[in-house]
Amino acid sequence: MTRFFAWSALLFGSLYFLLPLVGMTEFSLKMRRGEYSFDAYRRVFEDPRFWETFSYSLTLAVATIVVGVFLVAPTAYWVRLKLPQARPFVEFVTLLPLVIPAIVLVFGYIRLYNTSSWLPMTGSAFGTDILLTMGYTTLALPYMYRSVDTGLRTIDVATLTEAAQSLGAGWITILGRIILPNVMVAVLSGAFLTLAIVMGEFTMAALLNRPAFGPFMQLLGANRAYEPPALAVIAFAITWGCMGLMQLVTRFSKHERAKA
Amino acid sequence: MSFLTISHLEKAFGSNLVVKDFKLEVEKGEFISLLGPSGCGKTTVLRMMAGFERPTSGRIRIDGQEVTGLKANARNIGMMFQAYALFPNLTVADNVGFGLKVKGVARTEREARVAEMLDLISLSDMAGRFPFQLSGGQQQRVALARALAPSPRVLLLDEPLSALDAKVRVSLRNEIREIQQRLGITTIFVTHDQEEAMSISDRIVVMNAGIADQVGSPFEIYNRPTTRFVANFVGTLNTFSVKVEDSNLGKVRLAGQALTLPGGFASSGPEMAIALRPEALRLGREPGYETVVMGRIEDVHFMGSIIRLRARVAGESVVMDTFNRADQPPPKPGTEVEISLSGKDAIILRG
Amino acid sequence: MAKDKVRRAERRLPLEWLGILPFAIFSVLFLILPTMRIVTGAFQSPDGGFTLQNLADLNTASIRSAYWTSIKLSLISAGLGCAIGFAMAAAVIFGGLPKGVRSPLLTFSGVASNFAGVPLAFAFIATLGPVGLITVWLKTEFGINLRAMGFNLLSFWGLVITYLFFQIPLMILIITPALDGLKREWREAAAVLGATTAQYWRMVALPILFPSLLGTFALLFANAFGAVATAFALTGPQLNIVPIKLFAQIRGDVLGNPNLGYALAFGMILITVVANTIYIVLRVRSERWLK
Ligand SMILES: Nc1ncnc2c1ncn2[C@@H]1O[C@H](COP(=O)(O)OP(=O)(O)O)[C@@H](O)[C@H]1O
Ligand SMILES: [Mg+2]
């Protein structure tokens with residue numbers, strides 16, 4: 001009886017999740033009348049804006065990951081090692097982006113950092129790119145912080161640090177050569193999640209008027225019929241790839257640890 | 001017909017037969033221990049009684065009622081687990097009252113019973129606490145009260161003491177026994193600790209690889225083990241190889257000395273194995289012990305009231321216990337000593 | 001000696017706090033100040049003075065309905081997401097399904113919970129849109145016309161169905177470890193004490209899970225409440241929910257009081273803050289038994 005309900009729940013769920021995926025794939029192949037073809041994909045790949053926006057978003061994703069790692073890893077490390085009393089504050093702040101909608105944040109950015117403000121970041125394209133990177137870092141903050149903090153919990157930060165200090169290592173060395181390699185898996189899985197978030201992000205990029213992949217997809221969706229599902233398939237593949245890599249590093253590290 | 005009857009109980013997980021032809025008759029109010037090494041199937045037997053596992057074959061009857069096919073919640077049985085089984089979201093009082101509440105017992109009646117139970121385990125002043133605020137021993141006492149509150153027909157305990165400190169373990173096991181006797185509740189207690197089993201049970205079932213090897217009182221199990229497994233598992237044993245002279249009269253020779261074993265025994269060959277408990281070997285010549293052999297002391301462990309000596313006798317290393325006496329220091333290692341023993345203490349090992 | 005130690009600690013304290021200075025600066029610049037700017041802006045008139053006019057201006061039929069629709073959308077998609085996600089996770093953990101089901105389900109949930117926004121809208125248009133796979137299939141094979149039956153993907157319920165695609169997996173991801181934390185002994189102790197399965201869930205399992213359920217619900221609520229991309233790509237600017245209204249306002253598509261945008265955004269902050277306050281209060285009350 002229980003098993004019957006269990007199978008039903010699973011079957012129902014799987015159907016709900018598989019149908020849209022099947023739907024988008026099937027639709028994306030239907031561009032040519034009467035037969036399946038990859039025409040829609042060809043069109044997408046021939047569009048120079050696809051490559052421009054794709055590489056723009058990829059660049060920003062990398063920048064976001066770099067900023068995120070440099071912001072989060074030392075902070076999480078420091079809080080664990082020296083400032084446990086700051087933990088509630090830091091955790092509260094890192095959870096805020098889950099509560100405050102991105103659209104509200106970017107609205108604040110636009111009003112706060114416009115051309116006539118004390119920090120006119122939106123005045124130039126490069127300034128806006130920096131602002132957007134910071135925005136993405138904010139969006140990724142909850143995941144990045146939690147991932148790295150969990151990673152730090154599994155190693156004994158204090159002992160490792162003391163051992164390194166007794167051997168005469170400085171702070172940069174400790175962080176870069178001792179701590180970071182040990183939490184590399186956590187950092188990497190946070191990084192792949194960030195990549196997935198940034199590649200599909202729409203709101204911030206659209207409102208800051210930057211040529212990112214998300215707004216490009218939306219624009220294409222408003223004007224075309226067969227390219228959007230092709231884009232959806234591509235976007236799904238990217239997400240799957242990011243999550244797959246995330247799992248891979250986790251599994252790899254387990255393997256390594258088991259061997260050690 | 002006994003109060004609790006288990007007949008031909010078997011359980012297989014896949015092709016792995018974990019419990020084999022298990023039989024047991026328990027009288028009302030008896031305290032029975034299932035004793036055996038880890039993995040021998042004790043928990044599985046208990047879980048079949050509780051209704052968590054469906055027997056592959058066999059029957060279980062409680063108080064004249066066939067319960068084999070009954071669901072766990074329809075058996076009216078109390079059970080206590082190894083640890084962490086209290087509901088963490090309920091207070092001590094609510095945990096104890098849980099069984100009455102789900103049975104729809106009225107509030108006032110329930111509260112009275114809970115108070116009575118908490119009094120029984122002397123934790124009345126902790127009624128409002130949550131499980132995490134209790135020590136391990138207190139948690140297990142609450143678990144006992146919770147199991148007893150709905151007045152179950154049978155109480156099952158699955159190694160309820162093994163997660164506790166040694167001290168608490170002893171005091172709680174005495175408390176469990178005391179409460180069991182006061183309430184007269186039929187109890188099955190699972191343990192792998194022979195001392196625990198012997199100190200509180202009316203009868204012990206020694207299990208080996210899914211089979212009930214021997215059922216008997218602690219005295220019988222210890223002094224008259226019927227299988228080599230039981231003899232070795234319960235207590236310490238010194239085994240000797242003896243030459244059979246006359247199997248009908250029980251005459252054998254141990255290290256050249258004559259020894260008479262109780263009763264006749266069938267011997268398959270000119271040699272056989274007998275065993276003696278450490279306390280059956282006496283240092284020096286003792287009246288009433290007909291045989292004296294020579295041995296050399298190898299080791300002396302002074303343990304307080306008891307001194308445990310290891311000696312080499314007839315090529316075997318044996319263990320013997322003597323009581324401490326203030327006027328008589330134990331022999332030094334290397335000393336040659338006389339050791340008395342008697343055929344009536346011998347355990348004849350078979351199988 | 002003791003005094004010396006105290007003085008040293010006092011001197012060292014500010015230095016240690018310097019360690020999280022970069023993080024503090026970042027969060028002030030890109031999290032706290034922008035939010036504060038919205039809050040203050042909501043109470044400012046165009047010439048900079050204090051006013052309640054912006055908030056009063058929210059009180060139009062269209063904006064009220066937008067808030068109501070947004071709240072309803074978030075509540076329903078979070079509620080359904082929790083219920084269905086819970087059912088699926090429970091099915092896999094307690095339902096006696098083969099062990100091999102679990103890991104693929106979790107992996108897929110990880111992917112699906114991140115597959116939100118524009119491409120998700122495309123996927124649902126291709127499936128349930130006017131010429132989508134299922135729509136066409138139902139029409140040609142069974143003569144069922146979804147449209148004529150009142151179903152429209154570009155509507156409230158269409159949005160709910162679409163949002164569930166990331167809400168359910170998020171629930172599965174969060175609740176699976178919580179379900180794993182339910183000890184077998186609790187279920188068995190309840191059973192042997194005479195409780196039915198339903199009694200066990202009502203009196204033991206659900207109260208234990210309640211904090212996790214509540215937290216996930218709050219997260220799913222916020223998730224749906226702030227979502228712009230999916231709704232925008234699905235329906236364009238015409239759907240009347242708050243984030244889309246704010247989006248249009250920021251883009252300057254809407255004429256009128258520029259400070260109305262502040263008020264709209266402030267309203268969103270207010271609702272998420274209220275939702276999270278309710279969450280925290282309930283959680284604290286339900287967690288008395290936790291260490
Ligand atoms: N649910 C199960 N599935 C498969 N094998 C089991 C299961 N439960 C117990 N076993 C096996 O049955 C044997 C007996 O287990 P158990 O009754 O728990 O032993 P004990 O309680 O005496 O330590 C063990 O070898 C164990 O691995
Ligand atoms: Mg066991």
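Within every chain, numbering begins at 1; the chains are lettered A, B, ... in the order of the sequence lines, protein sequences first and strands thereafter. We use all heavy atoms of the structure for the numbers below, so side chains are in, but hydrogens, waters and symmetry mates are not.
- Put simply, of A/Trp78, A/Phe17, A/Phe27, the one with the most heavy-atom pairs under 4.5 Å next to chain C is A/Phe17.
- Ranked by heavy-atom pairs shorter than 4.5 Å toward chain A, the options C/Ile172, C/Ile161, C/Leu264 are led by C/Ile161.
- Proximity to chain A is limited to the side chain of C/Phe26, based on heavy atoms less than 4.5 angstrom apart.
- When the candidates A/Leu131, A/Leu231, A/Thr137, A/Val67 are compared by the number of heavy-atom contacts under 4.5 Å with chain C, A/Thr137 comes out ahead.
- Using a 4.5 Å cut-off between heavy atoms, A/Met121 contacts chain C through its side chain alone, with no backbone atom that close.
- Among C/Gly226, C/Ala229, C/Gly117, the residue with the largest count of heavy-atom pairs under 4.5 Å with chain A is C/Ala229.
- Between A/Phe50 and A/Phe213, the two ring planes are perpendicular [angle over 60°; tilted spans 30° to 60°].
- When A/Tyr113, A/Tyr16, A/Tyr226, A/Phe89 are compared by the number of non-hydrogen pairs under 4.5 Å with chain C, A/Tyr16 comes out ahead.
- The residue among C/Leu128, C/Leu164, C/Leu21 with the most heavy atom pairs within less than 4.5 Å of chain A is C/Leu164.
- Counting only N and O atoms by type, the side chains of A/Tyr143 and A/Thr94 include no donor and acceptor under 3.5 Å apart.
- With a threshold of 4.5 angstrom between heavy atoms, C/Asn276 approaches chain A through side-chain atoms but not through N, CA, C or O.
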Stepwise side chain to side chain contact (heavy atoms under 4.5 Å, CB included) test for A/Leu10 and C/Leu97: CA-CA 9 Å; A/Leu10 192 71; C/Leu97 298 188; 3.7 Å; yes
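- For a residue to count as touching a neighbouring chain, one of its non-hydrogen atoms must lie under 4.5 Å from one of that chain's; by this rule C/Leu33 touches chain A with backbone and side chain alike.
- Among the candidates C/Phe266, C/Phe221, C/Phe108, C/Trp137, the residue making the largest number of heavy-atom pairs closer than 4.5 Å to chain A is C/Phe108.
- Proximity to chain A (any heavy atom under 4.5 Å) is shown, for C/Leu29, by both the backbone and the side chain.
- Using a 4.5 Å cut-off between heavy atoms, A/Ala222 makes no contact with chain C at all.
- Contact of A/Leu141 with chain C is made through the side chain alone, with heavy-atom distances under 4.5 Å.
- Per-residue counts of heavy-atom pairs under 4.5 Å with chain C were compared for A/Leu21, A/Val22, A/Val90; the largest is that of A/Val90.
- Taking the six-membered ring for Trp and the full ring otherwise, the centers of A/Phe202 and C/Phe247 sit less than 6.0 Å from each other.
- Taking both residues in full, the closest heavy atoms of C/Gln167 and C/Gly81 are given as CB-CA, 4.2 Å, listed atom of the first, atom of the second, then distance.
- For a residue to count as touching a neighbouring chain, one of its non-hydrogen atoms must lie under 4.5 Å from one of that chain's; by this rule A/Tyr77 does not touch chain C.
- Interface remark: A/Gln218 contributes backbone and side-chain atoms alike to the contact with chain C (heavy atom separation under 4.5 Å).
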side-chain hydrogen bond (donor to acceptor under 3.5 Å, both in side chains) between A/Tyr109 and A/Thr138, intermediate numbers included: CA-CA 12 Å; A/Tyr109 293 173; A/Thr138 313; 3.3 Å; yes
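- Here A/Pro228 is the residue among A/Gly214, A/Ala196, A/Pro101, A/Pro228 with the most heavy-atom pairs under 4.5 Å with chain C.
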side-chain hydrogen bond (donor to acceptor under 3.5 Å, both in side chains) between A/Tyr36 and A/Glu26, intermediate numbers included: CA-CA 8 Å; A/Tyr36 287 136; A/Glu26 201 255 4; 3.0 Å; yes
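- Without hydrogens or angle criteria, C/Thr272 side chain to A/Ile100 main chain gives no donor-acceptor distance under 3.5 Å.
- Of the N and O atoms on the side chains of A/Ser28 and A/Tyr41, at least one donor lies less than 3.5 Å from an acceptor on the other residue.
- There is no contact between A/Val72 and chain C, counting heavy-atom distances below 4.5 Å.
- Between C/Phe124 and A/Met24 the shortest side-chain heavy-atom distance does not fall below 4.5 Å.
- Counting heavy-atom pairs closer than 4.5 Å to chain A, the top-ranked of the candidates C/Val131, C/Val111, C/Leu133 is C/Val111.
- Not a single donor-acceptor pair under 3.5 Å links the side chain of C/Thr176 to the backbone N or O of C/Leu173.
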Evaluation steps, side chain to side chain contact (heavy atoms under 4.5 Å, CB included), between A/Ile103 and C/Met268: CA-CA 10 Å; A/Ile103 188 168; C/Met268 288 184 77; 4.1 Å; yes
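- Counting only heavy atoms from C-beta outward, the side chains of A/Glu91 and A/Asp149 approach each other to under 4.5 Å.
- With a 4.5 angstrom heavy-atom cutoff, A/Ala235 touches chain C via backbone and side-chain atoms both.
- To the nearest 0.5 Å, the span separating CE on A/Met144 from OG on A/Ser189 amounts to 8.5 Å.
- A/Ile110 touches chain C through its side chain: at least one heavy atom from C-beta onward sits under 4.5 Å away, while N, CA, C and O do not.
- Only the backbone of C/Thr162 comes within contact range of chain A, judged by heavy atoms closer than 4.5 Å.
- With a 4.5 Å cut-off on non-hydrogen atoms, A/Leu105 touches chain C through its backbone and its side chain both.
- The CZ atom of A/Phe192 sits 8.5 Å away from atom CG of A/Leu248, with the distance rounded to the nearest 0.5 Å.
- Shown here for A/Asn114 and A/Thr122, the closest heavy-atom pair between the two residues is CA-OG1, 3.2 Å.
- Across C/Val92, C/Ile168, C/Ile269, the residue that shares the most heavy-atom pairs under 4.5 angstrom with chain A is C/Ile168.
- Both the backbone and the side chain of C/Ile20 come within contact range of chain A, each with at least one heavy atom under 4.5 Å from a heavy atom of that chain.
- Neither the backbone nor the side chain of A/Ile238 has a heavy atom closer than 4.5 Å to any heavy atom of chain C.
- Side-chain polar atoms of C/Tyr262 and C/Gln44 form no donor-acceptor pair below 3.5 angstrom.
- Proximity to chain A involves both the backbone and the side chain of C/Leu246, based on heavy atoms less than 4.5 angstrom apart.
- For the options A/Ala225, A/Pro215, A/Ala86, A/Pro74, heavy-atom pairs under 4.5 Å to chain C are most numerous at A/Ala86.
- Proximity to chain C is absent for every atom of A/Val106, based on heavy atoms less than 4.5 angstrom apart.
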